[in-house]
Number of protein chains: 2
Amino acid sequence: MINENELKEGLIEHLKGMIELSGSDAELIISKLEIKYLKKKEYLLQPGEISKHMRFISQGAMRVYYLDEKSQEHTLQLGIENWWINDLYSYLSLKPSKMYIQALEETIVIQISSGSLDKLFREVKEMPNFFRLKMQSAYVALQERTIENLSMDSYEKYSKFISQYRNIEQRFPQYIIASYLGMAPEFLSYLRKKHASRLK
Amino acid sequence: MINENELKEGLIEHLKGMIELSGSDAELIISKLEIKYLKKKEYLLQPGEISKHMRFISQGAMRVYYLDEKSQEHTLQLGIENWWINDLYSYLSLKPSKMYIQALEETIVIQISSGSLDKLFREVKEMPNFFRLKMQSAYVALQERTIENLSMDSYEKYSKFISQYRNIEQRFPQYIIASYLGMAPEFLSYLRKKHASRLK
DNA sequence: TTGCTTTCTTAAGATATCTTAATTTTTTTT
DNA sequence: AAAAAAAATTAAGATATCTTAAGAAAGCAA
């Protein structure tokens, strides 16, 4: 069986990669963490629900996606171990989400409820800094994605994607990668073939 | 002539729309503000430079854009009075920007150097909160743009754009709007004609 | 006001990407 | 291992969007 304390310790290590935490800070944080187990294809959040937790992938792989009016899936976020995953829109605005957050493998998530997190913001000095920094890098990453959207064609985007997500990319089915990149899966398949030799 | 104190007061009001500031907070902040005047087409930042200020448009209109390898312009951000405008990537990472930040009208910008802002973060209690909240809404807005990129066709994007930027949109030349939306200006022109009657 | 410069429009042909549908391959379940 | 389900490939025809080039309109400067 899995040792939950070890998992929680993993999140503490993750925090320590960015901010300083005392032993008592760590204990305080650990006391607020909840662990959730998800089977493949299970949902952590579905449209209509309000996202009330910050969520950290401890093991496994997930994605955030939504369905447009034509019921097409569009993937907004992919994530694996040690990535945060959420619909921040819903979390921050307290409005119902339009997103699905789904496990793509057997997955373990560590969550903090927004109430607990607010307390931690007050009680653990460096906690706001952690989320400020996270938020900043998330913003920069999203801006990068916007830039790619504006200036790259489909193959360039794909090519950048696989070089950026080295190895990780194999954990996601191709049709999900296509939906992340904003192209039809058949077209991605066509591109892969066309450029087959050139792929690094 | 323009009364600079009034302009600075405008920024204080803007801050007060989101956080609480005492009289002495306001004075402290005001003491760090610099005012910059830009003529139409003038640049506030150019590629290769590091963005060392947080920038607030006091009057006028600006855009952030970059050139791709084919020297095509892509507009990442548009802004008018009371909007913050910057290349956060460069500002946060201290790396050289790839962006142009350009005035599209006679423009007045209020700046705070990153050094001064860091001080304010320590000296004005609510200051970090302001930027945390700003950052959050910027992130959510960018996520919204990503969603549109994934699921809307060009006309839908344009249509959403003009309803979102009511009236403001007339202050930006159409080819810039096209470059913001990620389409060729000729195609935008074609779409406008095609849907001419339906435009609200 | 005239002339110059910038922006916008039009149209034709080229290209990228999508849609549909059938087939094959891979993965999962029994 | 066989059967069922999910994912990937292929190919043809359809559509969206781009490119180029030229002319018209609008804005700005002399």
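Letters go in sequence order (proteins before strands), and every chain restarts at 1.
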### Query
For atom NZ of A:Lys32, is the number of surrounding heavy atoms from other residues, nucleotides or ligands below 6.0 Å larger than 12?
yes
### Task
Step through the shown structure and confirm whether more than 12 heavy atoms of other residues, nucleotides or ligands are within 6.0 Å of NZ on B:Lys98.
no
### Message
Can a donor-acceptor pair be found, under 3.5 Å and without considering hydrogens, that links the side chain of B:Glu148 to the backbone of B:Arg145?
### Response
no
### Task
Any chance you could measure B:Ile110, atom CD1, to B:Glu4, atom CD, to the nearest 0.5 Å?
9.0 Å
### Task
Please identify each residue that fulfils side chain to side chain contact (heavy atoms under 4.5 Å, CB included) with A:Glu126, with sequence neighbours left out.
A:Ile19, A:Asn129
### Query
B:Gln170 has an atom CD; how far is it from atom C1' of C:dC8, in whole Å?
16 Å
### Query
With no hydrogens and no angle check, is any side-chain donor or acceptor of B:Ser90 less than 3.5 Å from a backbone partner on B:Asp87?
no
### Stretch residues 172-181 of chain B: residues that reach within less than 4.0 Å of DNA chain C through a heavy atom
B:Pro173, B:Gln174, B:Tyr175
### Message
In this structure, how many angstroms lie between the C1' atom of D:dT17 and the CG atom of B:Asp153, rounded?
### Response
11 Å
### Message
Can you tell me how far apart CZ (A:Arg171) and OH (A:Tyr165) are? Round to the nearest 0.5 Å.
### Response
13.0 Å
## Note on the structure
Interatomic distance, OG@A:Ser58 vs CG@A:Leu11, rounded to 0.5 Å, equals 8.0 Å
### Query
Using a heavy-atom distance cut-off of less than 4.0 Å, which residues of residues 62-80 of chain B contact DNA chain C?
none
### Task
Please test A:Tyr180 against A:Tyr65 for ring-ring contact (aromatic ring centres under 6.0 Å, His included), starting from the C-alpha separation and ending with a verdict.
CA-CA 9 Å; A:Tyr180 177 87; A:Tyr65 73 95; over 10 Å; no
### Task
Evaluate whether atom CD of A:Glu20 has more than 12 neighbouring non-hydrogen atoms of other residues, nucleotides or ligands under 6.0 angstrom away.
no
#### Entry: Nearest-nucleotide pick for B:Lys41, side chain only, options being C:dT6, D:dT10, D:dC18
C:dT6
#### Entry: Protein-nucleotide distance (B:Leu150, atom CG; C:dC18, atom P), rounded to Å
11 Å
#### Entry: For B:Phe131, the option from B:Tyr91, B:Phe56, B:Trp84 that meets ring pair (Phe, Tyr, Trp, His ring centres under 6.0 Å)
B:Trp84
### Message
Rounding to an integer number of Å, can you tell me how far B:Met152 CE sits from D:dT15 P?
### Response
22 Å
### Query
What integer distance in Å separates B:Tyr190:OH from C:dA12:P?
12 Å
### Query
Between atom NZ in A:Lys194 and atom P in C:dC18, what is the gap in whole Å?
13 Å
### Task
Round to a whole Å and report the spacing from CE of B:Met183 to P of C:dC8.
14 Å
### Query
With under 30° as parallel and over 60° as perpendicular, where do the rings of A:Phe187 and A:Tyr190 fit, or are they tilted in between?
parallel
#### Entry: Pairing of A:Glu73 and A:Arg63 as salt bridge, 4.0 angstrom limit
yes
### Query
C:dA11, C:dC18, D:dA16: which one has an atom nearest the side-chain heavy atoms of B:Phe187?
D:dA16
Would you tabulate the side-chain donor-acceptor contacts of residues 113-123 of chain A under 3.5 Å, counting partners in other chains and residues two or more places apart, or write 'none'?
{"unit_1": "A:Ser113", "atom_1": "OG", "unit_2": "A:Ser116", "atom_2": "N", "d": "3.1"}
{"unit_1": "A:Ser113", "atom_1": "OG", "unit_2": "A:Ser116", "atom_2": "OG", "d": "3.0"}

### Nearest listed nucleotide, side chain of A:Glu186, among D:dA6, C:dT9, C:dT20
C:dT20
### Task
Compute the bend angle of the helix from C:dT1-D:dA30 to C:dT30-D:dA1 from the end axes (five pairs per end), rounded to 10°.
50°
### Task
Please state how far atom CG in B:Leu191 lies from atom P in D:dA16, giving the value in whole angstrom units.
10 Å
Atom pairs, N/O to N/O, protein against nucleotides 24-30 of chain C, distance under 3.5 Å?
{"unit_1": "C:dT28", "atom_1": "OP1", "unit_2": "A:Lys40", "atom_2": "NZ", "d": "2.7"}

### Query
With respect to the phosphate group of C:dT17, does any side-chain polar atom (N or O) of A:Ser154 fall under 4.0 Å of OP1 or OP2?
yes
